[in-house]
Amino acid sequence: MKDAKTRLRRTMMFVPGNSPKMINSADIYGADSLMFDIEDSIAITEKDTARLLVANALKTLKFHSETVVRINHPTQTPFGMDDLKVILPAKPNLIRLPKVEDISEVELVAAEIEKVEKENGWAEGTINIIGAIESVKGLYNVREICKHPRMAAIALGAEDFIANLKTQRTKYGIELYYARSQILMAARDAEIQCMDTVFSDVKDMEGFAAEVTRSKDMGFDGKSVIHPKQIVEVHRIYTPTDIQITKALKVLDAYKDSIENHKGVLAVDGKMIDGPIVVRAQRIVDQAKAAGVNVEEKREQA
Ligand SMILES: CC(=O)SCCNC(=O)CCNC(=O)[C@H](O)C(C)(C)COP(=O)(O)OP(=O)(O)OC[C@H]1O[C@@H](n2cnc3c(N)ncnc32)[C@H](O)[C@@H]1OP(=O)(O)O
Ligand SMILES: O=C([O-])CC(=O)C(=O)O
Ligand SMILES: [Mg+2]
């Protein structure tokens, strides 16, 4: 479970669960997580087919990416509990609980997971939950929701959220600023991850890059995406630059030296280094390593 709360999740790509073609090729695009959808991209008449297709894919295909299944809501729709019955035995890494509004909904899904883990002799925490806040009511309960032990991450579902807010999405996202901030604070307080919502215009790569940069700067761990070409852009934005990495290494090396040699206040390139700077430097190095950067090579180049 520890890994579920910390693993690299820069991108989580939605894959419609009724498309064998997209399901079969999804793993080649290098998303950190793949989210097979049986909720809003699937028509009511296709729910049974999508559920079975996704379960079958999970059982028979090998995935490098983390696997996530977005179920239908377990109490607000007649499909959610059946989704769990079919999907859980196929052992996805995470269940995406959409439109979550209350801790009781997380408890309901968690109880089903626990049952299936026990039946199969799997370790506790084999399957975890990512919730999606998609309404004001959900936002008001987000702190309690994030603290459930099965929760690995929380996400914003902006399309539904703005419908509930009775507004529209703007270029700068002012209408989502409060929700994004609140969800982030709740995630950090609960020590789980936080994913930003989809950007639906796949043609507008400039607008997409601007939104990803803003949400990364706010503190989000990653972005939900709907098309393979969005993956490359998010990974580029989320991977620290060479300059950031070498600077961070310098800070960490100086800090290590000051601890080992009992030195007092230290400075790097004329700038005083204190606790929070060391923490941020460590995060940059961790992010670079997680993204596959050879950090030792950068140290040699520094
Ligand atoms: C508000 C919400 O709930 S959002 C979440 C629900 N929405 C979704 O799940 C939508 C996911 N995305 C998609 O279905 C598609 O990207 C669409 C419909 C938007 C566009 O699809 P296409 O017109 O096929 O896009 P395009 O032709 O550019 O695709 C290029 C390739 O990427 C593949 N691809 C595109 N999107 C995806 C995806 N999400 N997952 C896997 N493969 C994909 C296509 O199959 C195609 O493969 P090919 O080159 O082997 O033929
Ligand atoms: O969770 C997401 O990003 C997609 C979604 O369902 C929404 O925006 O309503
Ligand atoms: Mg939604």
Side-chain angles (χ1 to χ4, degrees), residues 1-15 25-36 62-68 92-94 96 128 130 152-156 180 183-184 187-188 191-199 202 205-256 268 276-302:
M1 174 61 180
K2 187 175 176 291
D3 182 49
K5 292 186 181 189
T6 56
R7 65 181 291 160
L8 188 67
R9 284 198 190 96
R10 299 162 299 180
T11 44
M12 192 172 276
M13 182 165 78
F14 276 103
V15 182
S25 58
D27 198 52
I28 64 173
Y29 298 112
D32 293 326
S33 310
L34 291 172
M35 183 166 24
F36 301 105
K62 181 164 169 29
F63 291 100
H64 299 90
S65 307
E66 177 184 49
T67 56
V68 187
N93 297 119
L94 297 180
R96 164 85 149 214
N128 294 293
I130 170 170
I154 190 84
L156 171 65
R180 280 189 167 120
I183 292 169
L184 255 167
R188 291 291 170 255
E191 299 185 1
I192 65 171
Q193 290 188 340
C194 197
M195 301 293 296
D196 194 26
T197 186
V198 295
F199 183 89
V202 290
M205 289 307 287
E206 211 179 296
F208 178 68
E211 182 167 291
V212 175
T213 304
R214 272 195 304 274
S215 63
K216 175 182 169 280
D217 288 348
M218 282 187 83
F220 280 90
D221 296 293
K223 180 95 176 151
S224 304
V225 299
I226 56 167
H227 192 282
K229 72 179 181 184
Q230 294 183 327
I231 296 170
V232 183
E233 195 61 4
V234 179
H235 288 189
R236 182 184 67 74
I237 293 167
Y238 267 84
T239 303
T241 62
D242 285 359
I243 293 174
Q244 286 171 324
I245 297 166
T246 47
K247 236 173 147 178
L249 286 169
K250 250 180 160 178
V251 167
L252 294 178
D253 289 348
Y255 179 67
K256 190 163 169 258
V268 170
I277 293 179
V278 175
V279 170
R280 287 205 295 273
Q282 187 64 56
R283 182 160 163 82
I284 286 170
V285 170
D286 289 347
Q287 277 176 333
K289 279 186 185 162
V293 175
N294 185 339
V295 168
E296 287 314 311
E297 208 171 69
K298 306 287 171 212
R299 177 175 271 124
E300 283 154 25
Q301 289 163 8

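Positions are given from 1, in the same order as the sequence printed here.
Taking CD1 from Ile237 and CZ from Phe208, the interatomic distance works out to 7.0 Å, rounded to the nearest 0.5 Å. Between atom CZ of residue Arg188 and atom CG of residue Asp221 there is a gap of 4.5 Å, rounded to the nearest 0.5 Å. Between atom CZ of residue Phe220 and atom CD1 of residue Ile183 there is a gap of 6.5 Å, rounded to the nearest 0.5 Å. In this structure, CE in Met195 is found 7.0 Å from OG1 in Thr11, a value given to the nearest 0.5 Å. Atom CD1 of Ile130 sits about 6.5 Å away from atom OG of Ser224, to the nearest 0.5 Å. Here CZ of Arg9 is found 4.0 Å from CD of Glu66. Values are rounded to the nearest 0.5 Å.
Enclosure of atom CD1 in Ile243 is not indicated, since only 12 or fewer non-hydrogen atoms of other residues, nucleotides or ligands lie within 6.0 angstrom. Shown here is Lys229, whose NZ atom has more than 12 heavy atoms of other residues, nucleotides or ligands within 6.0 Å. Surrounding OH of Tyr238 are more than 12 heavy atoms belonging to other residues, nucleotides or ligands, all under 6.0 Å away.
For Gln244 (side chain) and Thr239 (main-chain N/O), no donor-acceptor pair under 3.5 Å exists by modelled atom type. Between the side chain of Asp27 and the backbone N or O of His64, at least one donor-acceptor pair lies under 3.5 Å. With hydrogens and angles disregarded, a donor-acceptor distance shorter than 3.5 Å links the side chain of Asn93 to the backbone of Thr67. No side-chain donor-acceptor contact under 3.5 Å links Ser65 to the backbone of Leu34.
Taking all atoms of both residues into account, the shortest heavy-atom contact from Ala187 to Ile154 is CB-CG2, 3.8 Å. Of all non-hydrogen atoms in Lys5 and Gln193, the two that sit nearest each other are O-CG, 3.3 Å. Shown here for Thr246 and Lys298, the closest heavy-atom pair between the two residues is CG2-O, 3.4 Å. What you find for Ala4 and Ala152 is that their closest heavy atoms are O-CB, 3.4 Å. The minimum heavy-atom distance between Gly30 and His235, with the atom names listed, is O-CE1, 3.2 Å. What you find for Glu211 and Val198 is that their closest heavy atoms are OE2-O, 4.1 Å.
For the pair Met12/Arg96, a side-chain contact is recorded, criterion being any heavy-atom separation below 4.5 Å from C-beta on. Annotation: side chain of Gln282 is not in contact with side chain of Val251 (no heavy-atom distance under 4.5 Å). The shortest distance between side-chain heavy atoms of Arg280 and Ile277 falls below 4.5 Å.
Taking the charged nitrogens against the carboxylate oxygens, Glu233 and Lys216 have no contact shorter than 4.0 Å, which rules out a salt bridge. Taking 4.0 Å as the cut-off between side-chain N and carboxylate O, Arg10 and Asp32 count as a salt-bridged pair.
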